[in-house]
Protein chains: 2
Amino acid sequence: MPVEAKLEATGRPASPPLTERQEARRRRILHASAQLASRGGFDAVQMREVAESSQVALGTLYRYFPSKVHLLVATMQDQLEHMHGTLRKKPPQGETAAERVAETLMRAFRALQREPHLADAMVRALTFADRSVSPEVDQVSRQTTVIILDAMGQENPTSEQLSAVRVIEHTWHSALITWLSGRASIAQVKIDIETVCRLIDLTAPQNKP
Amino acid sequence: MPVEAKLEATGRPASPPLTERQEARRRRILHASAQLASRGGFDAVQMREVAESSQVALGTLYRYFPSKVHLLVATMQDQLEHMHGTLRKKPPQGETAAERVAETLMRAFRALQREPHLADAMVRALTFADRSVSPEVDQVSRQTTVIILDAMGQENPTSEQLSAVRVIEHTWHSALITWLSGRASIAQVKIDIETVCRLIDLTAPQNKP
DNA sequence: ATCAAGTCTGAAACTTGTTCTAGATTAGCG
DNA sequence: CGCTAATCTAGAACAAGTTTCAGACTTGAT
């Protein structure tokens, strides 16, 4: 295994290891970002304000996160790690894999509901991201996949199931957006999530070995 | 029925009817928008350039389309109308509703592939749109729904089927984004579309009466 | 044809993301 | 400690979306 490919536990590439002060700066920036986002969503996260709140020069902010979208996607990675930890503690109770996944996603959904502006900022950044942010967005996607597979309780998913999981992720993001922009109710999101989760049972090789 | 609620054939609200010159301006603007988008995607659609290309003052451009996102979403409405017309001419051949829908979407997908920059601009605008663009985004969504229902050949869909259609739309948008940002191959998009389309048969009350 | 109201133009100004620069600070090393 | 390279800071500068405004032009009604 080539040394360059090593990853930290977080799955982020471990390029140059940060000093303590740098790690602290990075945390301050992410914290400021999340805080501003919680207040007013995507637009409220203004780079100058983030820099000021986190006691860092604008140029430094851009050295850590090369664009506003990078910053917000990193913020999302951060929040996702939190959420994965929280979800892990109380595994879903459903009988079927579909039920468990739907339950997990709705739980995540309710968590986002508590900070709708933050959710707005993160999701808008995620879908607005262009090619230059692909690695980071991909990382978020992988993290989401892990959460879903966890809920399924599936160790070795078939490629069919992986496709179903991707579709569920698509639906999850897109449904989130329609809710955030006020075009769908929570009830509707719930129905759509439950609908798409049926795909899981449909693609299961057998219900339980 | 209140007069104010009247809609044109296009489904757009018929607020104040435009004069001929105004209609011409509007077309010039949309044309310039599509042309610039085809060249370089979202970033290449610069409001000053659109104004110049369409021989209209910047202020006028903003009177017609209150933001860049509004403009691009309107551009998408325009293109969708085209596409619906084109698709109508050659109805899909599949046996099942699921096959027909998948075929239609993949056909639309290949059309977008021919102008990837334009697709990029439109889709990014669509998902980046905030509440202030909801009516227009909703209109795009309705138009997409009509295309899918057309492909299904379903006159009176059940609410279950409508949910399946919404999930398909979610998947369609989101898959498009992952493809546009280089995170998924066309083959993968095809698989995902086919996967999600299975939901249609799953939710069909009976295959054919 | 004329007038009032509404529309269009051109240009400047403002906002916020992003880049650049010169000098101060810090980290790692001999 | 003292050096060097890398990093950080403050602030100016630039780019593109958006707003504003005074004056010219159109439109519709009388």
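Just so it is clear, the structure is predicted and the values come from calculations on it, not from any experiment. Residue numbers start from 1 in every chain, and the chains themselves are labelled A, B, ... in the order their sequence lines are given, proteins ahead of strands.
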Of residues 58-68 of chain A, the positions that come close to DNA chain D - non-hydrogen atoms, cut-off under 4.0 Å:
Thr60(A), Arg63(A), Tyr64(A)
Let's go through Ser132(A) and His70(A) carefully: what are the C-alpha distance in whole Å and the side-chain angles of both, what is the deciding distance for side-chain contact (heavy atoms from CB on, under 4.5 Å) to 0.1 Å, and is it a yes or a no?
CA-CA 9 Å; Ser132(A) 72; His70(A) 280 86; 3.8 Å; yes
Distance check, rounded to the nearest 0.5 Å: Ile193(B) atom CD1 versus Thr104(B) atom OG1?
11.0 Å
Taking atom P of dT7(C) as reference, at what distance in whole Å does atom CD of Glu23(B) sit?
15 Å
For Gln55(A), which contact category applies under a 4.0 Å heavy-atom criterion: base, sugar-phosphate, or nothing?
sugar-phosphate
dT9(D) C1' sits how many Å from Ile29(A) CD1, rounded?
13 Å
Rounded to the nearest 0.5 Å, how far does CD of Glu169(B) lie from NE2 of His173(B)?
6.5 Å
Expected output: side-chain Ser174(A) to main-chain Thr171(B) donor-acceptor under 3.5 Å
no
Atom CD of Glu52(B) and atom C1' of dT9(C): how far apart are they, to the nearest Å?
14 Å
Need one value for Val45(A): base, sugar-phosphate or nothing, where a base atom within 4.0 Å counts as base even if backbone is also close, heavy atoms only.
sugar-phosphate
State whether Gln22(A) places a side-chain N or O below 4.0 Å from either non-bridging phosphate oxygen (OP1 or OP2) of dC8(D).
yes
Under 6.0 Å from the six-membered ring centre of Phe128(A) and within 45° of its axis: does the NZ or CZ of Lys68(A) meet both?
no
Find the distance Met47(A):CE to dA10(D):P and express it as a whole number of Å.
16 Å
Spacing of Leu126(A) atom CG and Arg124(A) atom CZ [to the nearest 0.5 Å]:
12.5 Å
Determine, stepwise, if the pair Val140(B) / Met122(B) fulfils side-chain contact (heavy atoms from CB on, under 4.5 Å).
CA-CA 11 Å; Val140(B) 167; Met122(B) 297 189 305; over 6 Å; no
Nearest listed nucleotide, side chain of Gln46(B), among dA16(D), dT9(C), dG17(C):
dA16(D)
Interface polar pairs with nucleotides 23-26 of chain C, N/O, under 3.5 angstrom:
{"unit_1": "dT26(C)", "atom_1": "O3'", "unit_2": "Arg21(A)", "atom_2": "NH1", "d": "3.4"}

For the side chain of Arg48(B), counting heavy atoms from C-beta on, which of dT7(D), dA27(C), dT18(D) is nearest?
dT18(D)
Please give, in whole Å, the distance from dT16(C) P to Phe128(A) CZ?
17 Å
How many whole angstroms separate atom CG of Leu71(B) from atom P of dA16(D)?
16 Å
Using atom types as modelled and distance alone, determine if a side-chain donor or acceptor of Ser141(B) lies under 3.5 Å from a backbone N or O of Val137(B).
no
For the side chain of Gln161(B) and the backbone of Thr158(B), is there at least one donor-acceptor N/O pair under 3.5 Å apart?
yes
Rounding to a whole Å, what distance do you find between His70(B):NE2 and dG17(D):C1'?
14 Å
In whole angstrom, what separates Phe42(B)'s CZ from dA16(D)'s P?
13 Å
